[in-house]
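Whatever order the structure lists them in is the order used to number ligands and atoms, beginning at 1. This chain uses plain numbering: 1 for the first residue, then up along the sequence.
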Amino acid sequence: MVEFNSDRHILALSGGVGGSKLALGLSHCLTPQQLTVVVNTADDFEHLGLHISPDLDTLMYTLSGLNDTSRGWGLADESWAALDALARLGEPTWFQLGDRDLATHLARSHQLKSGSTLSAVTAKLCASLGIAHPILPMTDDTVRSFIDTASGMLSFQEYFVAQRCAPETRGIQLQGIESARPQIGFQQLLRSPDLGAIVIGPSNPFVSIDPIIKLAGIAQQMRTSVAPVVAVSPIIDGDAVKGPAAKMMAELGMPVTAASVAAYYGDLLDGFVIDQKDAAHAQPLRDTGLAVLVVPTMMQTLEDRRTLARQVVDFSLSLSKRFDGAKAGAI
Ligand code: GDP
């Protein structure tokens, strides 16, 4: 076991549900000085005049312990009076807004309209919810995921929530990605000599992680960083734990395997974490030069999250020792 060196920092990249499970585990192993979570905002959308950031909300609710664990999204002890009243007024109810959750969207929208950046709003919301670990939106600019489907181009929430991921995916468009600037703290961290590892959570590669790593300059900075890049597979035993990742992979013509996720990330990765059910993929992946950790990656309990997080940190830092301060190919 590699001892975690307190002056090294872990940068975690996250979507919503899968990424936040690992981020919660990491927040139990690392201090706020040792961990930053950068979160996808390409799922954000405007609804009923409100700015909704589903992945940031999932991270905030999970790290504050306010999340609903049985439903798997939103806040615990939620009530739905506002949604019922909206229905009576003939407003759309396909996106379920709980009363307490609504307060987050009202506060965020109000602060954004008053001129705050999404970063500043997120920092304020996190402080109010007692979250000590930094959570950063990937950008303060607007990037939006659109799914090119057999039934036309759909905004992400239309595809994900309204149409329940039913239409066949032909491709994904990230509108605004070319001009969006990566969040400033994110950029600084990538350049920091104290960066110990970059951990890509077990999130959807296409709609949760791609928007982050396709921001201008990010993939190149990750490749040339002295810190190793390690991803945790969201695919276990040929299927996604939740959500459309496996369906999307199949529809995009990729084999639905953990190995296929590693191939998709390609030379961005130095290490890959796969489930023990996928142990057969380990050697072929190692033969490509990738370091591979095989452990249980299904996070059902808090202890599962903590254990996996500790293993991922140890594995990542063991790779940074291998680089001895300079990654092969780094400038
Ligand atoms: P979303 O934005 O809410 O869809 O969340 P993410 O993109 O962060 O996560 C979705 C992915 O998380 C899916 O592909 C799931 O397979 C994966 N996932 C969810 N729970 C787990 C888990 O316990 N272990 C692993 N390895 N993957 C998980």
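- Aromatic pair Tyr265/Phe272: centroids not less than 6.0 angstrom apart.
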request  = Could you walk me through whether Thr297 and Val295 pass side-chain contact (heavy atoms from CB on, under 4.5 Å), step by step?
outcome  = CA-CA 6 Å; Thr297 67; Val295 286; 4.1 Å; yes
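- Of the protein's heavy atoms, Thr297 O, 2.8 Å lies nearest to atom 24 (N) of ligand 1.
- The shortest separation from a heavy atom of Ser233 to ligand 1 is under 4.0 Å, placing the residue in contact.
- Nearest protein heavy-atom neighbour of atom 8 (O) of ligand 1: Ser203 OG, 2.6 Å.
- Here the CG atom belonging to Asn67 is positioned 4.5 Å from the OG1 atom belonging to Thr62, to the nearest 0.5 angstrom.
- Looking at atom 5 (O) of ligand 1, its nearest protein heavy atom turns out to be Val17 N, 2.9 Å.
- Distances shorter than 4.0 angstrom do not occur between any heavy atom of Thr58 and any atom of ligand 1.
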request  = Check step by step if side-chain contact (heavy atoms from CB on, under 4.5 Å) holds for Thr41 and Leu118.
outcome  = CA-CA 10 Å; Thr41 58; Leu118 187 59; 3.9 Å; yes
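- Taking the six-membered ring for Trp and the full ring otherwise, the centers of Phe95 and Phe45 sit less than 6.0 Å from each other.
- Summarising the geometry, atom CD1 belonging to Ile200 is positioned 5.5 Å from atom CD1 belonging to Ile213; distances are rounded to the nearest 0.5 Å.
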key: Audit row: Ile274, Val292, side-chain contact (heavy atoms from CB on, under 4.5 Å) steps and yes/no   = CA-CA 7 Å; Ile274 60 174; Val292 179; 3.9 Å; yes
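- If you number the atoms of ligand 1 from 1 as listed, the ones under 4.0 Å from a heavy atom of Lys242 come out as 13 (C), 14 (O), 15 (C), 16 (O).
- Listed by atom number, the atoms of ligand 1 under 4.0 Å from Gly19 heavy atoms are 8 (O).
- Listed by number with element, the atoms of ligand 1 under 4.0 Å from a non-hydrogen atom of Gly18 are 5 (O), 6 (P), 8 (O), 9 (O), 12 (O), 18 (N), 19 (C).
- With a heavy-atom cut-off of 4.0 Å, Asp275 does not touch ligand 1 at all.
- At a 4.0 Å heavy-atom cut-off, ligand 1 touches Met299 through backbone and side chain alike.
- Remark: minimum distance from atom 20 (N) of ligand 1 to any protein heavy atom is reached at Lys21 NZ, 2.9 Å.
- Nearest to atom 12 (O) of ligand 1 among the protein's heavy atoms is Pro202 O, 2.8 Å.
- If you number the atoms of ligand 1 from 1 as listed, the ones under 4.0 Å from a heavy atom of Asp55 come out as 2 (O).
- Contact detail for Ser203 and Gly18: the closest heavy-atom pair is OG-C, 4.3 Å.
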inquiry  = If you apply the rule side-chain contact (heavy atoms from CB on, under 4.5 Å), what do you find for Arg305 with Lys21, and how did you get there?
reply    = CA-CA 6 Å; Arg305 289 159 171 75; Lys21 283 183 172 181; 3.6 Å; yes
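- Using a 4.0 Å cut-off between heavy atoms, Ile236 contacts ligand 1 through its side chain alone, with no backbone atom that close.
- Only the side chain of Ala245 comes within 4.0 Å of ligand 1, counting heavy atoms alone; its backbone N, CA, C and O stay farther away.
- Of the protein's non-hydrogen atoms, the one nearest atom 4 (O) of ligand 1 is Phe160 CZ, 4.3 Å.
- Rounded to the nearest 0.5 angstrom, Asn204 CG and Ile209 CD1 are separated by 8.5 Å.
- Between the CD atom in Gln175 and the CD1 atom in Ile177 there is a gap of 11.0 Å [rounded to 0.5 Å].
- Within ligand 1, the atoms closer than 4.0 Å to a non-hydrogen atom of Gly15 are 8 (O), numbered from 1 in the order shown.
- No side-chain heavy atom of His133 sits less than 4.5 Å from a side-chain heavy atom of Leu26.
- Numbered from 1 in the order shown, with element, the atoms of ligand 1 that lie under 4.0 Å from a heavy atom of Gly16 read 1 (P), 2 (O), 3 (O), 5 (O), 6 (P), 8 (O).
- Counting protein heavy atoms only, atom 28 (C) of ligand 1 is closest to Val241 CG2, 3.5 Å.
- Contact annotation for Ser208 and ligand 1: only side-chain heavy atoms (C-beta onward) come within less than 4.0 Å of the ligand.
- Using cut-offs of 30° and 60° on the angle between ring planes, the pair Phe160 and Phe156 is parallel.
- With a heavy-atom cut-off of 4.0 Å, Pro54 does not touch ligand 1 at all.
- With a heavy-atom cut-off of 4.0 Å, Gln300 does not touch ligand 1 at all.
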